[in-house]
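Written below as structure tokens is the structure these notes are about.
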Amino acid sequence: MALLEVTDVTRRFGGITAVDRCSFAIREGSLTGLIGPNGAGKTTMFNLIAGALRPDSGEIRLEGRRLDRLRPHRIARLGLSRTFQLTRELADLTVLENVVVHAPVRVIDLLRPSIGDAERARAMELLTLVGLAAMADAPAGGLSYGQKKLLELAAALMPAPRLLLLDEPAAGVNPALLDAIVGYIERVHRSGVTFLIVEHNMDLVMSLCDPIIVMAHGTVLAQGPRDAIQRDRRVLDAYLGAA
């Protein structure tokens with residue numbers, strides 16, 4: 001069953017077509033990879049799905065409901081959450097407050113933080129999941145880059161999304177921490193969350209994601225099971241370094 005459906009979506013910036021009649025579906029319960037070189041249109045597609053941009057044409061639907069006419073906060077309420085390639089923590093707030101601020105109903109006053117018991121418990125559960133519970137009261141700005149990636153994952157999970165878009169979770173992360181992030185993703189996935197992951201680390205994608213969508217020059221080049229993508233000559237020639 002398709003949780004997310006993208007149908008003939010196009011987005012232009014002036015004379016540049018960043019996304020060109022793209023169509024694909026994300027199956028509920030899947031852990032789908034979205035790959036392609038820089039400029040392929042992957043991040044633009046993420047922004048279209050999450051409502052940061054609107055398509056010039058085409059439709060995006062979550063469980064049959066159109067997203068392409070909605071603002072990001074309304075899309076989030078429907079069960080979609082995302083992370084960003086570059087972390088966007090609120091540096092002057094604590095680690096805990098950075099997670100709570102993403103609760104479905106805003107329960108934190110940025111001038112006078114006040115966190116309810118239920119929100120605190122949920123946030124602490126997520127910080128424990130990603131190994132940051134001991135730093136809950138520390139300023140988020142003092143975290144390492146890798147820890148900020150973990151914080152962003154916890155924050156994205158705060159509203160209990162059904163579909164989570166991850167934008168390059170491996171970027172700038174050391175191998176040991178990357179192994180931990182992969183473990184957290186797999187654990188959350190087993191709990192029932194559907195993932196769509198943009199990533200340039202091909203080893204990570206091929207070990208973690210199935211199925212896989214390949215974009216090039218703003219369009220979908222190939223999509224299907226991981227094994228089929230690994231054998232697809234177009235993908236091998238263009239993206240996986242085959243001779």
For a quick test of your reading: what N or O donor-acceptor pairs under 3.5 Å do the side chains of residues 11-22 make, sequence neighbours left out?
from: Arg11; atom 1: NH1; to: Arg54; atom 2: O; distance (Å): 2.7

Measure the CG-CZ distance between Leu208 and Arg226 for me, rounded to the nearest 0.5 Å. 8.5 Å
For the hydrophobic clusters of this structure (ILVMFWY residues joined by side-chain heavy atoms under 4.5 Å, transitively), does one cluster hold both Val173 and Leu86? no
Hydrophobic cluster membership, Tyr145 vs Met135, 4.5 Å side-chain cutoff: no
Approximate separation, where rounding is to 0.5 Å, of Leu143 CG and Thr87 OG1: 9.0 Å
Ile60 and its side-chain contact (heavy atoms from CB on, under 4.5 Å) partner, picked from Asp68, Leu70, Ile75: Asp68
Show me the donor-acceptor pairs, under 3.5 Å and distance only, between side chains in residues 32-39 and residues at least two apart or in other chains.
from: Thr32; atom 1: OG1; to: Ser30; atom 2: OG; distance (Å): 3.0
from: Asn38; atom 1: OD1; to: His200; atom 2: NE2; distance (Å): 3.3

Do Met202 and Leu221 share a hydrophobic cluster, counting only Ile, Leu, Val, Met, Phe, Trp and Tyr and linking them when any side-chain heavy atoms are less than 4.5 Å apart? yes
Under 3.5 Å donor-acceptor pairs involving side-chain atoms of residues 149-156, not counting sequence neighbours:
from: Lys149; atom 1: NZ; to: Gln85; atom 2: O; distance (Å): 3.4
from: Lys149; atom 1: NZ; to: Glu168; atom 2: O; distance (Å): 2.7
from: Glu152; atom 1: OE2; to: Phe84; atom 2: N; distance (Å): 3.1

Can you measure from CD1 (Ile49) to CG (Leu62) and round to the nearest 0.5 angstrom? 10.0 Å
Holding to side chain to side chain donor-acceptor pair (under 3.5 Å), I want the full list of residues that pass it with Glu63, two or more places apart in sequence or in another chain. Arg162
Hey, does Leu164 have a side-chain heavy atom less than 4.5 Å from the side chain of Ile185? no
Excluding sequence neighbours, so at least two apart, what forms side chain to side chain donor-acceptor pair (under 3.5 Å) with Gln147? Ser144
Side chain to side chain contact (heavy atoms under 4.5 Å, CB included) between Asp232 and Val214, worked out: CA-CA 11 Å; Asp232 191 303; Val214 186; over 6 Å; no
Mind checking whether Pro55 and Thr10 have side chains closer than 4.5 Å, heavy atoms only? no
Yes or no on side chain to side chain contact (heavy atoms under 4.5 Å, CB included) for Leu157 and Leu129, after CA distance, side-chain angles and deciding distance? CA-CA 11 Å; Leu157 290 169; Leu129 169 70; 4.0 Å; yes
Result block: side-chain N/O donor-acceptor pairs under 3.5 angstrom for residues 187-194, not counting sequence neighbours:
from: His189; atom 1: NE2; to: Gly29; atom 2: O; distance (Å): 2.7
from: Ser191; atom 1: OG; to: Val188; atom 2: O; distance (Å): 2.5
from: Thr194; atom 1: OG1; to: Gly29; atom 2: N; distance (Å): 2.7

Is any side-chain heavy atom of Pro211 closer than 4.5 Å to one of Arg27? yes
Find the distance between CG (Asp92) and OG1 (Thr94) and round it off to the nearest 0.5 Å. 11.0 Å
Distance-only, no hydrogens or angles: does the Arg82 side chain make a donor-acceptor pair with backbone N or O of Ala50 under 3.5 Å? no
To check you understand the geometry: which heavy-atom pair defines the closest contact between Gln223 and Ala25, and what is its length? OE1-N, 4.4 Å
Counting N and O atoms only, with roles assigned by atom type, does the side chain of Thr83 sit under 3.5 Å from a partner on the main chain of Asp167, one being a donor and the other an acceptor? yes
Identified side-chain contact (heavy atoms from CB on, under 4.5 Å) counterpart of Glu119 within the set Val100, Leu96, Val99: Val100
For a quick test of reading the model, state the closest non-hydrogen atom pair linking Val6 to Val9 and the distance between them. CG1-CG2, 3.5 Å
For a side chain to side chain contact (heavy atoms under 4.5 Å, CB included) check, start with the C-alpha distance between Ile197 and Val205, then their side-chain angles and the critical distance, and finish with the verdict. CA-CA 8 Å; Ile197 302 178; Val205 170; 5.9 Å; no
Atom pair CG (Leu53) and CG (Asn47), whose distance is rounded to the nearest 0.5 Å: 5.0 Å
Would Thr7 and Glu5 count as having a side-chain donor-acceptor pair, cut-off 3.5 Å? no
Hey, what do you get for CG (Leu3) to CG (Leu163), rounding to the nearest 0.5 Å? 5.5 Å
Establish, from distance only, whether the side-chain atoms of Asn98 and Arg88 form a donor-acceptor pair under 3.5 Å. no
